[in-house]
Each structure stands twice: as C-alpha cells, then as structure tokens.
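Heads up: the structure comes next, in structure tokens.
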There are 2 protein chains.
Amino acid sequence: MKASFMAARLDRTDLKILRLLQNNGRLSNAELAETVAISPATCHRRTQRLFEDGFIAAVRAMIAPKKVAKGTLVMVGVVLDRSTPESFAIFEQAVAKLKFVLDCHLVAGDFDYFLKIRVGDMEDFNRIHGEQLIALPGVRQTRTFFVMKEVVDNAPLEF
Amino acid sequence: MKASFMAARLDRTDLKILRLLQNNGRLSNAELAETVAISPATCHRRTQRLFEDGFIAAVRAMIAPKKVAKGTLVMVGVVLDRSTPESFAIFEQAVAKLKFVLDCHLVAGDFDYFLKIRVGDMEDFNRIHGEQLIALPGVRQTRTFFVMKEVVDNAPLEF
DNA sequence: GCGGCCATGAAAGAAGCTTTCATATATTGG
DNA sequence: CCAATATATGAAAGCTTCTTTCATGGCCGC
C-alpha cells in the first residue's frame with residue numbers, strides 16, 4: 001500500500017533505463033543491464049517497477065506512415081457552435097472514435113480544438129473532411145492546415 | 001537486389017504482426033508467433049524483414065509525461081519574416097535542436113509552422129517562449145495555444 | 001511438367017528470462 | 001547509538017525463448 005502513495009522518485013539508474021527504452025523499446029534485459037551497469041536480476045526488477053508504476057505507459061512499434069498509405073499529415077483547427085461543457089463532451093466523444101485522428105486537444109485561443117490527422121492523400125482528406133469532420137457534433141467551422149513538410153514528428157520526450 | 005526495389009507488399013500476417021507490435025512493442029517472438037499462428041522461426045524472419053524494410057521505424061517506450069515533469073502541452077503557430085527557402089531552412093535547423101519541440105511542421109495557411117511543445121508548466125513555457133521561441137531565426141510572430149485538455153494524444157496509427 | 005525461387009516449420013545449441021535466496025544497505029523507532 | 005525492520009542487490013539455476021541451420025513443399029515462369 002505504501003508504494004502506491006509514494007511518488008517513487010527515480011534515481012540515475014531508472015532514468016537511464018527509461019531513456020534507453022525510449023530509444024529502443026526492444027532492448028533485452030541483458031543488454032539493458034549491461035549498459036546501465038547493474039545485474040540482470042536488478043535490472044529486471046527495476047524495469048518491471050517502471051512499468052507497474054506507470055512511468056512507461058506503453059511500448060509501441062512506430063509504423064512508418066508512408067509505408068502504410070498514411071503519408072499525408074493535416075492539422076485542423078476546430079471551432080464549436082457553443083462553448084458549453086456538454087457541447088465539448090459530445091464533440092470529444094465523437095472525435096475519439098475517428099481512427100485517423102492522432103491528436104485532439106482542447107486549447108485556449110482562436111480555436112476550441114486542434115486535431116492532427118493522418119490520411120493517404122489530399123483526396124482522401126477532402127472526402128473525410130466533408131463526410132466526417134464538418135459532420136462532427138457542434139462544429140461551427142474548421143480551418144485546415146496541410147502539412148507540406150514534416151520537420152520533426154513525434155520526437156522522443158526529453159527529461 | 002530485387003527486394004530493395006520491390007514494394008514488398010504486406011500480407012495478412014505481416015499486418016497482424018505490425019498491429020500487435022504497435023500495441024505492445026515488447027511482445028516476445030514466441031507470443032507473436034502464437035498469436036498470428038505461425039512458427040517462431042517464420043515469425044522471427046517476418047518481423048526482422050519488417051524492421052529491415054523500414055515498416056517499423058523504431059520501437060519506443062512511451063514515457064508518461066506527467067511522471068517526468070512534462071505535463072504541460074502547448075501548440076504554437078509561427079510566422080516567419082520572409083518566405084524564402086533559405087529562411088525556412090535556417091528556421092528548421094534551429095528548431096530541430098530544441099529538445100522540448102515534439103512536432104514541427106511546415107504548413108499551408110495562416111502560419112508557416114506549427115509546433116507541439118512539452119514543458120513542465122506554464123511558467124516554464126513562458127520562460128522558454130521568451131528566451132528561445134521568439135529568438136528563433138526569422139520569427140515574425142508566434143501564436144500560443146495552451147492545451148487545456150488532452151483528449152487524444154499520439155494515438156496509434158490505424159492502417 | 002520442370003527447374004528455380006522463396007517461404008515454411010522442425011530441431012537444437014546458445015542466449016536470455018525470471019525466480020529464489022542469502023547478503024548488504026538504508027530507514028525507522030527507541 | 002543501536003536494534004529492528006524494510007528494501008535493494010547479485011549470484012545461481014531451472015526454465016523459456018531466440019535464432020540459426022536444414023530439409024521439405026508450394027508457386028511461378030518457361
């Protein structure tokens with residue numbers, strides 16, 4: 001019970017493990033242990049704890065978008081009709097079902113939401129925009145920003 | 001030599017492997033093999049090929065941002081002074097060095113670039129904005145959109 | 001059909017995983 | 001300051017998994 005309340009501070013070794021796994025999530029426990037200079041047994045327990053305590057939310061293979069016909073990235077700003085909590089909740093519930101939406105963030109400023117969307121091509125997006133985006137509940141207007149060049153996409157977190 | 005030219009189409013099994021590894025990048029080869037109903041040897045070769053052919057760009061542990069003091073997300077629209085290729089190149093080179101920038105995309109529309117930034121808190125961002133963002137080469141103006149709620153962040157790619 | 005080309009699964013030695021255990025180190029309470 | 005408790009550690013070992021080798025079977029072009 002105590003452990004769940006403890007903020008479980010990370011020491012130097014934990015940070016090393018986190019950074020190594022962030023760069024290569026398929027590192028074996030043996031490799032990890034050797035790199036951070038502890039025994040495999042200790043390394044195994046440390047890593048397990050990092051998972052259990054939620055420091056590592058998931059380990060994901062990053063699929064190359066262009067290789068699976070999702071090479072076109074689009075940012076979309078959304079403004080809703082009304083700024084009520086109900087209106088927001090309904091919109092969020094609906095947008096969470098759209099598989100092509102990578103990010104959806106409620107923001108402060110000229111828009112209510114920002115979406116990051118991946119599709120096959122512009123034609124693909126145009127269809128989706130007409131059929132699914134402007135049809136989302138409570139949407140007053142959208143502003144589309146086609147991404148012409150991905151300078152940095154989903155960079156690893158530095159900490 | 002042929003393989004490098006071939007688009008190496010993915011069959012049903014390859015797609016299964018990709019999807020499984022996207023959801024859990026630490027699945028063992030044995031687990032993977034059993035789930036997709038092929039032998040471990042074949043599964044191993046398939047997976048290896050998916051890496052070699054670039055379908056899997058990387059496998060990353062997703063670190064929980066709040067656990068490492070990066071719980072504040074900010075979207076920033078940037079407009080440059082001039083819209084010349086040189087101006088863009090210099091800006092991109094500079095922005096790529098900023099560790100807190102997760103995304104940087106050249107877009108068509110009212111902004112030149114969109115940035116996605118992770119910091120500890122608003123105070124942290126305010127300092128960074130003043131010291132580093134507006135100081136980037138060629139920046140005319142920035143527009144900051146604080147993220148008040150992360151509805152969907154970095155969802156896995158559907159394909 | 002025939003020959004070349006891959007893809008496949010069984011097998012096996014090598015490597016790695018994960019638990020157990022005894023020891024060492026840190027923390028707490030008196 | 002010491003004792004008692006809790007926590008972390010590495011060696012060891014049994015067990016699983018990895019990854020290569022090899023022989024077989026299907027598929028395509030000729």
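Numbers restart at 1 for each chain; the letters A, B, ... are given by sequence-line order, proteins then strands. When reading the values below, keep in mind they use all heavy atoms of this one structure, side chains included, and skip hydrogens, waters and symmetry mates.
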query = Over how many whole Å does the gap from A:Arg46 atom CZ to C:dT19 atom P extend?
reply = 17 Å
query = Taking atom P of D:dT9 as reference, at what distance in whole Å does atom CZ of A:Arg12 sit?
reply = 15 Å
task = Go through D:dT19, C:dT18, D:dT21 for me and flag the one nearest to the B:Asn29 side chain.
result = D:dT19
query = Which is true for B:Ala30 with a 4.0 Å heavy-atom rule: it touches a base, it touches only sugar-phosphate, or it touches nothing?
reply = sugar-phosphate
ask   = Rounding to a whole Å, what distance do you find between B:Arg49:CZ and D:dT20:C1'?
value = 18 Å
task = Please examine the side chains of B:Tyr113 and B:His105, heavy atoms only from C-beta on, and report whether any two atoms are closer than 4.5 Å.
result = no
message = For a side chain to side chain donor-acceptor pair (under 3.5 Å) check, start with the C-alpha distance between A:Asn154 and B:Asn154, then their side-chain angles and the critical distance, and finish with the verdict.
response = CA-CA 8 Å; A:Asn154 206 15; B:Asn154 207 13; 3.2 Å; yes
Which nucleotide in C:dT19, C:dG9, D:dT9 has an atom nearest any side-chain atom of A:His44 = C:dT19
ask   = Is it true that a side-chain atom of B:Asp153 and a backbone atom of A:Asp103 form a donor plus acceptor pair closer than 3.5 Å?
value = no
ask   = Is the number of heavy atoms from other residues, nucleotides or ligands under 6.0 Å of A:Arg82 CZ greater than 12?
value = no
message = Centroid separation under 6.0 Å, is that true for the rings of A:Phe100 and A:Phe125?
response = no
note = Which of D:dT19, D:dC22, D:dA11 is nearest the side chain of B:Arg45? It is D:dC22
message = Please report the distance, rounded to the nearest Å, between CD in B:Glu31 and P in D:dT17.
response = 7 Å
ask   = Atom CD of A:Gln48 and atom C1' of D:dT7: how far apart are they, to the nearest Å?
value = 16 Å
message = If you compare every side-chain N and O of A:Ser39 against the phosphate oxygens of D:dT9 (OP1, OP2), does one of them come in below 4.0 Å?
response = no
request  = Would you kindly give the CG-to-P distance between B:Leu27 and D:dT16, to the nearest whole Å?
outcome  = 19 Å
query = Quick one: which of C:dT18, D:dA8, D:dC18 gets closest to the side chain of B:Ser28?
reply = D:dC18
inquiry  = Just the rounded figure in Å: distance from P of C:dC6 to CG of B:Asp14.
reply    = 16 Å
task = Would you kindly give the CD1-to-P distance between B:Ile38 and D:dT19, to the nearest whole Å?
result = 15 Å
